Amino acid sequence: WKILVKELKTVAAFQNDNRISSAASDPFLKYAEVYDALIGQPCLSSFIAHYLQHFFNQHSVETVLSIGSGTGLSESYIIEHLGVKKEHLLGIDISESMVEVANQRIHAIHADLLKWETTQQFDLAYSGLNVFHYLLYQELEKAIIKTAELVKKGGWFVGDFITPDHIRWYPNLMLSEDSKVISLRTPSLVEEDGRMFQESEIINVSFQGEEMEVHYAGRHKRFLPPMNRIRKYFEKAFGGEVQLLDAISLEPIDRSSDSCPSTRYVVMAKKN
């Protein structure tokens with residue numbers, strides 16, 4: 001595995017010397033091109049559409065803010081299948097590359113949640129694919145507080161997170177549905193100053209074009225706070241009802257739980 005990873009990194013550098021250095025400024029620069037096939041569509045089909053449908057079946061929503069909207073795939077599902085008008089959904093993302101792709105589907109802007117200044121408030125703030133875990137651990141609670149400020153009184157937050165033991169599910173090899181995109185992932189648990197992170201080195205191989213293309217996506221690190229801490233952050237920021245559900249089964253998660261069967265969970269928080 002180590003030899004294969006080393007050789008593919010060499011190929012990636014040979015194909016385009018700028019890619020590895022570019023990953024430092026925008027980790028999703030080339031990732032955006034294969035993201036939907038590799039991550040977006042499989043996750044939308046396997047659990048995101050399910051929990052969004054579950055929420056929209058119970059609550060009426062007119063305006064939506066998507067935090068970390070990525071390529072806009074899940075957001076276009078909200079528009080096309082859940083009754084939200086395109087002009088009433090706004091996506092924000094810190095990656096300019098992702099925003100460029102998203103704007104082919106939805107209205108999205110390049111913005112950092114913590115620095116974004118707006119007077120707008122929304123019925124629903126949505127965040128898919130564990131976006132909050134990519135924040136610096138010092139910024140996580142601040143981001144949840146900022147999210148609550150962007151939600152109207154009586155409005156909601158819905159989004160998915162990963163458990164501290166998500167690595168037991170995390171695959172070393174991922175394939176797109178047509179097997180034309182392959183992702184090699186080398187995950188590890190990292191402890192820093194008493195805090196746990198999951199770090200994954202990612203290499204993507206695409207056969208979508210005429211020739212094989214290799215992209216080194218770098219190391220992606222995600223903060224792994226305890227589930228109950230996430231619950232408490234939302235309870236404090238939103239001041240209302242907070243539910244945690246297993247992202248696959250949608251079964252409620254007990255306050256004392258440290259994990260759940262799918263190692264992914266959904267937070268549904270109502271703002272008082």
Side-chain angles (χ1 to χ4, degrees), residues 22-36 38-40 42-44 47-48 65-75 91-102 108-116 125-148 150 157-167 169-171 174 183 185-193 195-204 215-227 229-230 233-234 237 247 263-267 269:
S22 297
S25 59
D26 185 353
F28 295 99
L29 185 62
K30 282 293 288 185
Y31 206 179
E33 296 182 7
V34 298
Y35 192 84
D36 284 346
L38 196 60
I39 306 294
C43 288
L44 179 63
F47 69 94
I48 293 177
L65 171 68
S66 176
I67 300 168
S69 52
T71 64
L73 185 65
S74 297
E75 293 71 17
I92 65 171
D93 201 287
I94 201 167
S95 165
E96 291 186 65
S97 304
M98 287 293 194
V99 169
E100 184 178 345
V101 175
I109 61 172
H110 175 230
D112 181 335
L113 173 66
L114 290 171
K115 298 176 183 178
W116 187 40
Y126 160 69
S127 182
L129 289 171
N130 53 87
V131 164
F132 279 83
H133 288 277
Y134 288 96
L135 294 167
L136 296 174
Y137 72 83
Q138 304 97 321
E139 296 180 343
L140 177 57
E141 185 176 14
K142 296 176 186 176
I144 294 171
I145 292 170
K146 178 65 178 286
T147 300
L150 295 168
F157 168 86
V158 173
D160 58 82
F161 293 75
I162 56 175
T163 64
D165 62 334
H166 181 62
I167 196 169
W169 171 91
Y170 195 80
M174 295 181 67
S183 186
R185 291 153 181 262
T186 308
S188 60
L189 288 175
V190 179
E191 180 270 330
E192 294 180 3
D193 298 324
R195 296 173 180 85
M196 293 304 299
F197 301 83
Q198 180 178 313
E199 185 176 73
S200 301
E201 187 172 33
I202 299 175
I203 301 173
N204 297 317
H215 169 239
Y216 177 64
R219 294 179 180 272
H220 294 227
K221 188 164 70 173
R222 295 182 283 186
F223 178 40
L224 299 174
M227 295 172 67
R229 187 186 305 173
I230 294 293
Y233 283 167
F234 277 97
T263 73
R264 293 184 183 272
Y265 62 99
V266 179
V267 172

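All of these numbers come straight from a predicted model, not from anything done at the bench.
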> Ignoring hydrogens and geometry beyond distance, is a side-chain donor-acceptor pair present between S66 and E75 at under 3.5 Å?
yes
> I'd like to know if the side chain of H215 and the backbone of I203 have a donor-acceptor N/O pair within less than 3.5 Å.
no
> When rounded to the nearest 0.5 angstrom, what distance separates CG in L224 from CZ in R229?
10.5 Å
> List for me each residue that meets side chain to side chain contact (heavy atoms under 4.5 Å, CB included) alongside Y170, sequence neighbours excluded, and say none if there are none.
H166, R185, P187, Q198, S200, I202, R222
> Any side-chain heavy-atom pair from M196 and L189 closer than 4.5 angstrom?
yes
> Compute whether any side-chain donor of one residue and acceptor of the other, for N204 and S183, lie under 3.5 angstrom apart.
yes
> List in chain and number order the residues that pass side chain to side chain contact (heavy atoms under 4.5 Å, CB included) with V101, two or more places apart in sequence or in another chain; answer none if no residue qualifies.
A32, T71
> Does the side chain of R264 reach to within under 4.5 Å of the side chain of T163, using non-hydrogen atoms?
no
> Can you tell if the side chain of Y35 reaches within under 4.5 Å of the side chain of M98, non-hydrogen atoms only?
yes
> List for me each residue that meets salt bridge (Lys or Arg N to Asp or Glu O under 4.0 Å) alongside D165, sequence neighbours excluded, and say none if there are none.
R168
> Check salt bridge (Lys or Arg N to Asp or Glu O under 4.0 Å) between R219 and all other residues, then give those that pass, not counting sequence neighbours.
E199, E201
> Does some side-chain heavy atom of F223 sit less than 4.5 Å from a side-chain heavy atom of F132?
no
> Which residues satisfy the salt bridge (Lys or Arg N to Asp or Glu O under 4.0 Å) test with E192, sequence neighbours excluded?
K221
> If you round to the nearest 0.5 Å, how far is CG of L65 from CG of L150?
6.0 Å
> Which residues pass the ring-ring contact (aromatic ring centres under 6.0 Å, His included) test with Y126, not counting sequence neighbours?
none
> State, to 0.1 Å, how close G40 and L73 come at their nearest heavy-atom pair, and which atoms those are.
C-CD2, 3.4 Å
